[in-house]
Number of protein chains: 2
Amino acid sequence: MTQLQRRKIPDAAIARLPIYLQILNNLAATNVLRFSSDELAALAGVNAAKVRKDLSYLGSYGTRGVGYEVTYLIHQIKRELGLMREWNVVVVGAGNLGCALAKFDGFLSRGFPVVGIVDNDPKKIGRTTSSLTVGDVGDLKNIVRDEKVNIGVITTSSPAAQSAADALIEAGITSILNFAPVVLSTPSSVSVRNVDLGVELQILSYYEQMRIENGSKAQSAPQLNSVGAR
Amino acid sequence: MTQLQRRKIPDAAIARLPIYLQILNNLAATNVLRFSSDELAALAGVNAAKVRKDLSYLGSYGTRGVGYEVTYLIHQIKRELGLMREWNVVVVGAGNLGCALAKFDGFLSRGFPVVGIVDNDPKKIGRTTSSLTVGDVGDLKNIVRDEKVNIGVITTSSPAAQSAADALIEAGITSILNFAPVVLSTPSSVSVRNVDLGVELQILSYYEQMRIENGSKAQSAPQLNSVGAR
DNA sequence: AGGGCTTAGTGCATTAATTCACAAAGTTCA
DNA sequence: TGAACTTTGTGAATTAATGCACTAAGCCCT
């Protein structure tokens, strides 16, 4: 609770804070000054008690009878999530997806500038994509050091993903966002998050089939995306 | 348990089945015939009891003292997930990401052919990307009918995402994969899964910051990706 | 044939997450 | 000032998910 003994925010709550943040940024953009847990709950599509409990992990920043202040809460969530600074990203794998992500402004705009992209294919090395030149995966260590990279994004083919991960870890990276549909083997000191688009579709397929079989009176999928393992 | 009163597989288990499937496909490709819950657990990075429990929701398809048969289990998982057939996909939003996804063979190879891509920008309509011509979002209803589309993928900008969702729902789509960083408002009969890349990075950022503050003795992120709300 | 070994299946305890429901604290207005 | 109203913050109950540990089955070898 107090600043001193930080942490013990449940993982489930941590995963929701970015959603709240996104909504609050929208509110701030439309000059909304305050919000209640009910309002945020409606916008986020969750239960109001959950919103209050989640926000209470940050501290006691609301005012009873009034609500929460938008800008203040934005500040607190950003502080908690470590978003008071930028985190540099390197993309490994300069295929369609890798290049699309390197260009993607959603990364930069949220404080995650892509400072490098590498590949192991000589035909791709040297190409330029949106102000970045594709580097050699062998130079990863130098790139990570020189560009102060914090997070690695893997967009290689499945067979290459593990060695991409190994290279990132060898270069000192401890946070990985993996788009390859494989379970990476990494030391427990490294955080990995998997985004497997095929998995997402397969989960949708399950609930879609359920609707068809049960005459559409089946419940729908939980809005929580979850992939990966461990 | 029995075929009759289908369902009551926990959502958490459903989200893991695609991972198991992916691993089993790899095993099959290397001519492995059988596996034990221990082996699959190691490959998936989960607990063996969890594997057994998850698989038991499908039915009692293992042999004690022996294990499970790879191809048979693949079949059962595919049946359960609704993967005995193809599900057609339409992409709404022909930007970088949308086009990359339309080309992405991970969709087709897993039984989700992209049969159409649309946009609302006249400058993009008519362009061709990997054998698909960008259509007008206004024609969505016809496309969904003619191409028998089952799943809509939203890769528009945030402001356009809700109207894209409305158009998909209006066209009769009940499963949506949303890449725009907004919480879509949809009837509960529609399944939505959100993939918000910014959110994933922000979650990584939290655990990364934790490691920095706590001198790297902090635990790392859960491998479960979770985004979205509701 | 039978003992030892392996591994699935599962009841049960534990832990995590969610939701309820209410007291505490503040606002507003007469 | 104080009564009515609003909304937070949080114990406690509930529900969901996890993981242990044991039983039931089948294989293999002598």
Side-chain angles (χ1 to χ4, degrees), chain A residues 1-2 7-17 19-20 24 32-70 72-73 76 219 221-230, chain B residues 1-2 7-17 19-20 24 32-70 72-73 76-77 203 219 221-230:
Chain A
M1 299 324 171
T2 62
R7 171 65 189 178
K8 202 50 273 164
I9 303 190
D11 292 325
I14 288 297
R16 282 187 296 268
L17 289 179
I19 312 287
Y20 300 153
L24 295 185
V32 175
L33 298 180
R34 281 205 288 253
F35 67 97
S36 68
S37 58
D38 266 321
E39 288 161 351
L40 179 52
L43 292 171
V46 301
N47 181 294
K50 194 187 280 181
V51 166
R52 290 199 295 277
K53 190 150 280 190
D54 286 346
L55 295 184
S56 78
Y57 296 125
L58 303 175
S60 198
Y61 298 135
T63 308
R64 293 170 191 225
V66 179
Y68 305 83
E69 223 186 292
V70 174
Y72 191 60
L73 247 286
Q76 292 303 332
Q219 82 286 42
Q223 215 81 319
L224 283 153
N225 298 356
S226 12
V227 190
R230 157 80 54 81
Chain B
M1 299 328 171
T2 62
R7 172 65 190 175
K8 203 49 274 162
I9 302 189
D11 292 325
I14 288 297
R16 281 187 297 268
L17 290 179
I19 312 287
Y20 300 153
L24 296 184
V32 175
L33 298 180
R34 281 206 288 253
F35 67 97
S36 68
S37 59
D38 266 320
E39 287 162 352
L40 179 53
L43 291 171
V46 302
N47 181 296
K50 195 188 280 181
V51 167
R52 289 198 295 276
K53 192 155 281 186
D54 287 346
L55 295 184
S56 79
Y57 295 126
L58 303 174
S60 198
Y61 297 135
T63 309
R64 295 172 190 222
V66 179
Y68 305 84
E69 223 186 295
V70 174
Y72 191 60
L73 247 287
Q76 292 304 330
I77 295 178
I203 294 172
Q219 81 287 41
Q223 215 81 318
L224 284 153
N225 297 356
S226 12
V227 190
R230 160 81 53 80

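Per chain, numbering begins at 1; letters A, B, ... match sequence-line order.
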- prompt: Choosing from C:dT19, C:dT27, D:dG9, which nucleotide comes nearest the side chain of A:N47?
  reply: C:dT19
task: With heavy atoms under 4.0 Å as the rule, sort A:A49 into base, sugar-phosphate or nothing.
output: base
- prompt: To the nearest angstrom, how far is A:L58 atom CG from D:dT8 atom P?
  reply: 14 Å
Nearest atoms (heavy-atom pairs only) where A:R16 meets A:D54: NE-OD2, 2.6 Å
- request: Would you give the length of the straight line joining atom CG of A:L24 to atom CG of A:L40, rounded to the nearest 0.5 angstrom?
  value: 5.5 Å
- prompt: Can you find a side chain N or O atom of B:Y57 that sits less than 4.0 Å from OP1 or OP2 on C:dT10?
  reply: no
task: Report yes if a donor N or O on one partner sits less than 3.5 Å from an acceptor N or O on the other, where the partners are the side chain of B:K53 and the base of C:dG9; otherwise report no.
output: no
query: Side chain of B:R64, base of C:dG9: donor and acceptor closer than 3.5 Å?
result: no
message: How long is the straight-line distance from CG of B:L17 back to CD1 of B:I77, given to the nearest 0.5 Å?
response: 5.5 Å
query: Between C:dT19, D:dC27, D:dT7, which nucleotide has the shortest distance from any of its atoms to the side chain of A:K50?
result: C:dT19
query: Going from CZ on B:R52 to CG on B:D38, what distance comes out if it is rounded to the nearest 0.5 angstrom?
result: 7.0 Å
query: Just checking B:G62: base, sugar-phosphate only, or nothing, at a heavy-atom cut-off of under 4.0 Å?
result: sugar-phosphate
- request: Kindly assign one of parallel, tilted or perpendicular to the pair A:Y61 and A:Y72, based on the angle between their ring planes and the thresholds 30° and 60°.
  value: perpendicular
query: Under 4.0 Å between a side-chain N/O of B:R16 and OP1 or OP2 of D:dT18, yes or no?
result: yes
- prompt: Of the candidate nucleotides C:dG9, C:dT7, D:dA17, which contains the atom at the shortest distance from the side chain of B:S36?
  reply: C:dT7
task: From the options A:L55, A:L43, A:L73, select the one residue that forms a side-chain contact (heavy atoms from CB on, under 4.5 Å) with A:Y20.
output: A:L55
- prompt: Paired stems touching DNA chain D, three or more consecutive Watson-Crick or G-U pairs with both distances under 3.5 Å?
  reply: C:1-30 with D:1-30
message: Whether A:T63 contacts D:dT8 is assessed here as follows: a side-chain N or O lying under 4.0 Å from the phosphate OP1 or OP2. Is that the case?
response: no
Nearest listed nucleotide, side chain of A:R52, among D:dA17, C:dA8, C:dC22: C:dC22
query: Looking only at side-chain N and O atoms, does B:S37 come under 4.0 Å of OP1 or OP2 in C:dA8?
result: yes
field: Side-chain N,O (B:Y68) to OP1/OP2 (C:dG9) below 4.0 Å
entry: yes
field: Nearest-angstrom distance from the residue atom CG of A:L55 to C1' of D:dT7
entry: 13 Å
